[in-house]
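Okay, so here's the structure we're looking at.
The chains referred to below are lettered A, B, ... by the order of the sequence lines, with proteins before strands, and numbering in each begins at 1.
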Protein chains: 2
Amino acid sequence: MGSAKKLAERAHQEPDLNLNDTALHYLDTIYRLSERHGSASTTEIAAQLGVTPSGASIMLKRLAERGLVQLTPYRGAVLTEHGRRIALRTIRRHRLLEAFLYHVMGFAWHEVDEHAHALETVINERFEDRMDEMLGHPLRCPHGHLIPSKTGEMPVVNDVPLLSLPLHTRSVVRCIDTSRDDWLEYLGAQGLMPGCQLQVVEVAPYNGPVTLRTDAGETISLGRNMAELILVEPL
Amino acid sequence: MGSAKKLAERAHQEPDLNLNDTALHYLDTIYRLSERHGSASTTEIAAQLGVTPSGASIMLKRLAERGLVQLTPYRGAVLTEHGRRIALRTIRRHRLLEAFLYHVMGFAWHEVDEHAHALETVINERFEDRMDEMLGHPLRCPHGHLIPSKTGEMPVVNDVPLLSLPLHTRSVVRCIDTSRDDWLEYLGAQGLMPGCQLQVVEVAPYNGPVTLRTDAGETISLGRNMAELILVEPL
DNA sequence: AATCGAGTTTAGTTTGGCTTAAATTTGGCT
DNA sequence: AGCCAAATTTAAGCCAAACTAAACTCGATT
Ligand SMILES: [Mn+2]
Ligand SMILES: [Mn+2]
Ligand SMILES: [Mn+2]
Ligand SMILES: [Mn+2]
C-alpha cells in the first residue's frame, strides 16, 4: 500500500499533495529568501507576498504540517527536501516562462517577471517541456538567472560581481540580479544586459558613481546600488 | 466623479470590478449555454462547472447583485450587456489560446481546450494582443469555433451542418463542434478537421452510420452522433 | 383541485486565506 | 538581573466559495 504509493510518486516525479498556487508561491518565496540568509524569516516572507506577518505565520505552520518546510518557532523557515523540489520546479517554470515571453513572444525584459509570476503556477508539465524545447534548453532567464533542470539541479557557472574585479578587467555580463522593472528598463535602455562586454574604468569613492566602458566604446555611469547588481564572467 | 469613472471605463474597454476566475468561468459558461436555449438553467451551469446546483444558485445571486447576469428565480439566468462583454473577452482569450497552443507551440488539437481553459483567466491584454498578432488575427480556433473581436463582435460566417446538405454536395469542413477530447482525437486521426473537403455519400436509416468521401478519395464511416458535430461550407 | 417529482433556493456548516488586536519570545542594553 | 523594542505567534473574526440537508416552486398528471 504505502510502497505502491511511493513508487507512483517516484514515477511521476512530483508527489504534490494538491498544492494550490498560494502554497506554491510561499515555497518559491522561501527558497529565494533562503538563498541569501540560509533561512527565511516570517516577516520577510510576509513582505514578499504582500500579507501580514500573522497571516504568513499561520500559513507557515500549515506548510510545516504538510512536510514542506521545517519551522523553528521564532527562528524562521527552511524548506524540506520535498519542499525544495517543488520550489525549484516553480522557479524553473518562472524562468522558462520569462525566456519564452521574451524570445518567442517579443515582450520587453522588464515586463516578463510580472507575467511569468501569474502563469508559473498554472501551466503544466507539457507546457513546461514545450517551452524548454522551443528555447533549446536554455540555462538562464533573460535577466541571467539560472534555470534549474527538471531534476532540480542548478547549472554550475562562474558569475562574479562586476565590482569584485580589478579595474579595467574585461568581462561579459551574465546576470542583472534585480526584479525591479523600472531599473531593468533603465539598464536595458543603456544597452546593459547579459551578453554585453565591458570593463570598469572608475569607481568613485564614498559610494560614488561607477564608470563603465563597453566594447562598443560607449561610457556608462551608474550609481553604486545599480552597479552592484551586475554579475559577470571575466574574459 | 461618476462620469469621470465612466469615461475611464469606456477608454479601458472593460470595467471589470475585480472579477476573479470563478466569476469569469461562470460568465463564460452562461454565455455558451445561453447560445443554445436562450438562457442557462442553474442545474446546467452547475453540471458544467462541476459544483452542486445549490452552490451555483448562490453564486448566480451574487453575479446578479453585481449586475452581470439577469436572474429570474426558478427560471434561469441570462447575461446582462456588461456580463456578455466580459464573457466574450474570456471566450476570445480561450480560443486565441487554443490557436496559439496548436499553431505556435505544437500541441495536439485534442489537448488544447483543457489547457486554454486553465490559462484564459490568467493572461492579460498584452498577452492576448501578442497572440492575436502572431497568429495573424485568426477568425477561428483549431476546432473551427469563431473568435470574437476585441470589441465583442463575432465574425459572420455561413457554417451549416454537414447533414443538412443533399447527398454528394461537395463542401469544406469549417468546425468540429465538440469539446470531447477523445472524439477530437479520433476524428483527427481520420483526417477529419477544418479545411478538409468531403461529401456525404450515404446516410443509413434508423440513426445508422454516415458514410463520407474525402477529396483525397478516402471513405470514412461515422456514427450519426459524431457526424452531427461537423459544420461545413458548401462549395 | 390535489398531488408529485424535478428543479431550485435557502439554511447551516466547512475550508482556506487572510485581517487586526492581543499575547508571547527573543536578543540586546542598561 | 531586569527591561525594552522588534519579531513572532495566538486569538478572534471576516469573507468567498464551496458543501449537505431541508424547504420551496412549478408545471404536468391524475
Ligand atoms: Mn514568481
Ligand atoms: Mn528573470
Ligand atoms: Mn474555458
Ligand atoms: Mn476550440
State which residues pass salt bridge (Lys or Arg N to Asp or Glu O under 4.0 Å) with [X]; sequence neighbours excluded, sorted by chain then number.
X	value
B/D132	B/R92
A/E114	none
A/R75	none
A/D159	A/R140

Could you run down nucleotides 5-16 of chain C 5' to 3' and tag each one B, S or - for protein heavy-atom contact under 4.0 Å? --BBBB-----S
Can you give me every donor-acceptor pair (side chain of residues 22-32 of chain A, partner residue at least two apart or in another chain, under 3.5 Å) with its distance?
from: A/H25; atom 1: ND1; to: A/D21; atom 2: O; distance (Å): 3.4
from: A/H25; atom 1: NE2; to: A/E120; atom 2: OE2; distance (Å): 3.1
from: A/D28; atom 1: OD1; to: A/R32; atom 2: NH1; distance (Å): 2.6
from: A/D28; atom 1: OD2; to: A/R32; atom 2: NH1; distance (Å): 3.1
from: A/T29; atom 1: OG1; to: A/H25; atom 2: O; distance (Å): 2.8

Nearest whole angstrom, please: distance from the [atom2] of [N] to the [atom1] of [X].
X	N	atom1	atom2	result
A/L49	C/dT19	CG	P	11 Å
A/L63	D/dT9	CG	C1'	16 Å
A/Q48	C/dC18	CD	P	14 Å
B/L24	D/dA16	CG	P	16 Å

Taking only residues two or more places apart in sequence or in another chain, which ones pass side chain to side chain donor-acceptor pair (under 3.5 Å) with B/T90? none
Over the length of the helix from C/dA1-D/dT30 to C/dT30-D/dA1, how much do the five-pair end axes diverge, rounded to 10 degrees? 30°
May I ask you to say whether B/E125 pairs ionically with B/R89, meaning some side-chain N is under 4.0 Å from a carboxylate O? no
Can you list every pair that meets salt bridge (Lys or Arg N to Asp or Glu O under 4.0 Å) and has a residue in residues 49-69 of chain B, with sequence neighbours left out?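 Non-adjacent pairs meeting salt bridge (Lys or Arg N to Asp or Glu O under 4.0 Å): zero.
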